[in-house]
Amino acid sequence: MASPAIAVVGSTMTDLVTYVQRAPEAGETVVGDRFVVGYGGKGANQAVMARRLGASVAFVGCLGDDSYGDRYLAHLADEGVDVTAVHRVPCPSGVAPIWVEPDGTNRIIVVPGANDALTPSRAQQAVQQLSDVQVVVGQLEVPQAATAAGLAAARQRGAITVLNPAPYASVSAELLAQADWMVPNEVEFTELAREHQVGPADGADPRDEAQVRALAEVLGCGLVVTLGADGAAVLVGSQVHRVQAPAVRAVDTTGAGDGFVGAFVVGLAQGLDPLAAARLGCACASWSVERDGTQTSYPSAQQATELRTRLAAELET
Ligand code: RIB
């Protein structure tokens, strides 16, 4: 399959991960099991997942002028991500303190730092200057105006645009208008539905096909909802299809959703239909939750190739 070209307009965070039996209550101190520093940020996670699946990936974002920034830039380059459009700015790089409990669930605080310095003109120029691009993906950890400008530039050159509305925030009309696809998780789906008055007032349900259809209609774009262990709901035409996730034992769910998005955009860029792209997304996300860490939990390039071969064989049987 041809190597697709992806651009990510997004964030980097240094993940400061504590594994703990139980997160503390307010005013309480608990003893953690382990502490690990890793590479994260929803944008960079998606970029790395896409790269490991063999895509050419350009990253558009900002790092600070500190040692976290130095290390992160070197890391992206080591992964083979094009960092020409990564700007260094005079402030701290983004960090994310994370707590992970034994069932794999996490609690995350992001402190965006340099990520907030991405401007619409930087994002627009970076996307315009790419030699090739089929899909541009954004999230909500950099200013929405910058993401909107990057996605608008992508559309002008005929690329597909994908927005992962995470972490949830009200999406500006300007940004929404530039998204061909929206990929929320369950929480983000419910928040989007509440904001756009879709479904019951006490909380919309992404497992309800009519509500998925209704939200997509209001948003005016394609919709894929990630459902954790239950896979994903994918709107194709007027039908909602369910993609099952492989059964796995979760140890750390951090970055699994980003793994899904990174793989989904590779599938779209390679011309797969959205259901097949979502299957690839679920396979990569399931791989990730069985392993510790964020990008460290993603398949390596060789493992990603093996995973795709296995997926293709399963689909043939
Ligand atoms: O989605 C997981 C990511 O969220 C982490 O890597 C953390 O940095 C935050 O961006």
Side-chain angles (χ1 to χ4, degrees), residues 8-19 23 35-52 57 59-64 66 68-69 71-73 75-76 79 81 86 92-101 104-118 137-144 146-147 162-169 182-189 191 224-228 232 250-265 281-282 284-298:
V8 179
V9 177
S11 59
T12 57
M13 308 280 170
T14 296
D15 285 352
L16 311 169
V17 189
T18 298
Y19 293 89
F35 175 74
V36 180
V37 179
Y39 296 106
K42 295 180 195 304
N45 295 343
Q46 294 169 16
V48 166
M49 185 69 249
R51 178 71 197 124
R52 297 212 186 145
V57 180
F59 190 78
V60 181
C62 290
L63 281 165
D66 51 7
Y68 284 140
R71 278 195 288 267
Y72 215 122
L73 192 62
H75 163 68
L76 286 175
E79 288 281 348
V81 172
V86 176
S93 298
V95 293
I98 301 177
W99 294 339
V100 180
E101 291 177 272
T105 53
N106 59 49
R107 285 155 211 258
I108 304 178
I109 299 173
V110 293
V111 186
N115 291 292
D116 279 342
L118 185 62
V137 56
Q139 319 72 32
L140 301 183
E141 285 182 338
V142 299
Q144 291 195 19
T147 308
V162 176
L163 179 66
N164 169 222
Y168 184 76
M182 185 85 97
V183 187
N185 67 12
E186 297 178 59
V187 172
E188 293 143 11
F189 173 91
E191 291 298 332
V224 177
V225 188
T226 57
L227 301 170
V251 299
D252 184 350
T253 57
T254 313
D258 302 328
F260 179 99
V261 174
F264 178 71
V265 298
C282 282
C284 291
S286 298
W287 175 287
S288 152
V289 301
E290 286 191 296
R291 291 158 179 88
D292 276 352
T294 311
Q295 295 173 20
T296 50
S297 70
Y298 294 167

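Both counts, for ligands and for their atoms, begin at 1 and track the order of listing. It should be emphasised that the depicted structure is a prediction, and the values quoted were computed from it without experimental measurement.
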Are any of the side-chain heavy atoms of [X] and [Y] separated by less than 4.5 Å?
X	Y	answer
V100	V251	no
V261	Q46	yes
L227	E186	yes

Test your reading of the model: is there a side-chain donor-acceptor pair from [X] to the backbone of [Y], 3.5 Å cut-off?
X	Y	answer
D252	T254	yes
N115	T12	yes
T253	G104	yes

Can you list the atoms of ligand 1 that are under 4.0 Å from a heavy atom of [X]?
X	result
A96	7 (C), 8 (O)
E141	4 (O), 9 (C), 10 (O)
G41	5 (C), 6 (O), 7 (C), 8 (O), 10 (O)
N45	2 (C), 3 (C), 5 (C), 6 (O)
G40	6 (O), 8 (O)
V110	9 (C), 10 (O)
M13	8 (O), 10 (O)

#### Entry: Heavy atom of the protein closest to atom 4 (O) of ligand 1 (residue, atom name, distance)
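Nearest protein contact, heavy atoms only, for atom 4 (O) of ligand 1 is K42 NZ, 3.0 Å.
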
### Query
How close does the nearest protein non-hydrogen atom get to atom 2 (C) of ligand 1, and which residue and atom is it?
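Sorting protein heavy atoms by distance from atom 2 (C) of ligand 1 puts D258 OD2, 3.3 Å first.
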
### Task
Measure up the Y39 and H75 rings against each other and bin them: parallel (under 30°), tilted (30 to 60°), perpendicular (over 60°).
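Ring orientation, 0 to 90° scale: parallel.
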
### Task
Identify the residue among Q295, R51, R52 that makes a side chain to side chain donor-acceptor pair (under 3.5 Å) with E79.
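Per the side chain to side chain donor-acceptor pair (under 3.5 Å) rule, the option paired with E79 is R52, out of Q295, R51, R52.
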
### Message
My understanding is that we take every heavy atom of each candidate and find the minimum distance to atom 6 (O) of ligand 1. Doing that for T12, N115, D15, V261, which one comes out nearest?
### Response
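It is D15 whose heavy atom sits nearest to atom 6 (O) of ligand 1.
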
### Task
Return yes when G255 approaches ligand 1 closer than 4.0 angstrom through a heavy atom, no otherwise.
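Under 4.0 Å: yes for G255.
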
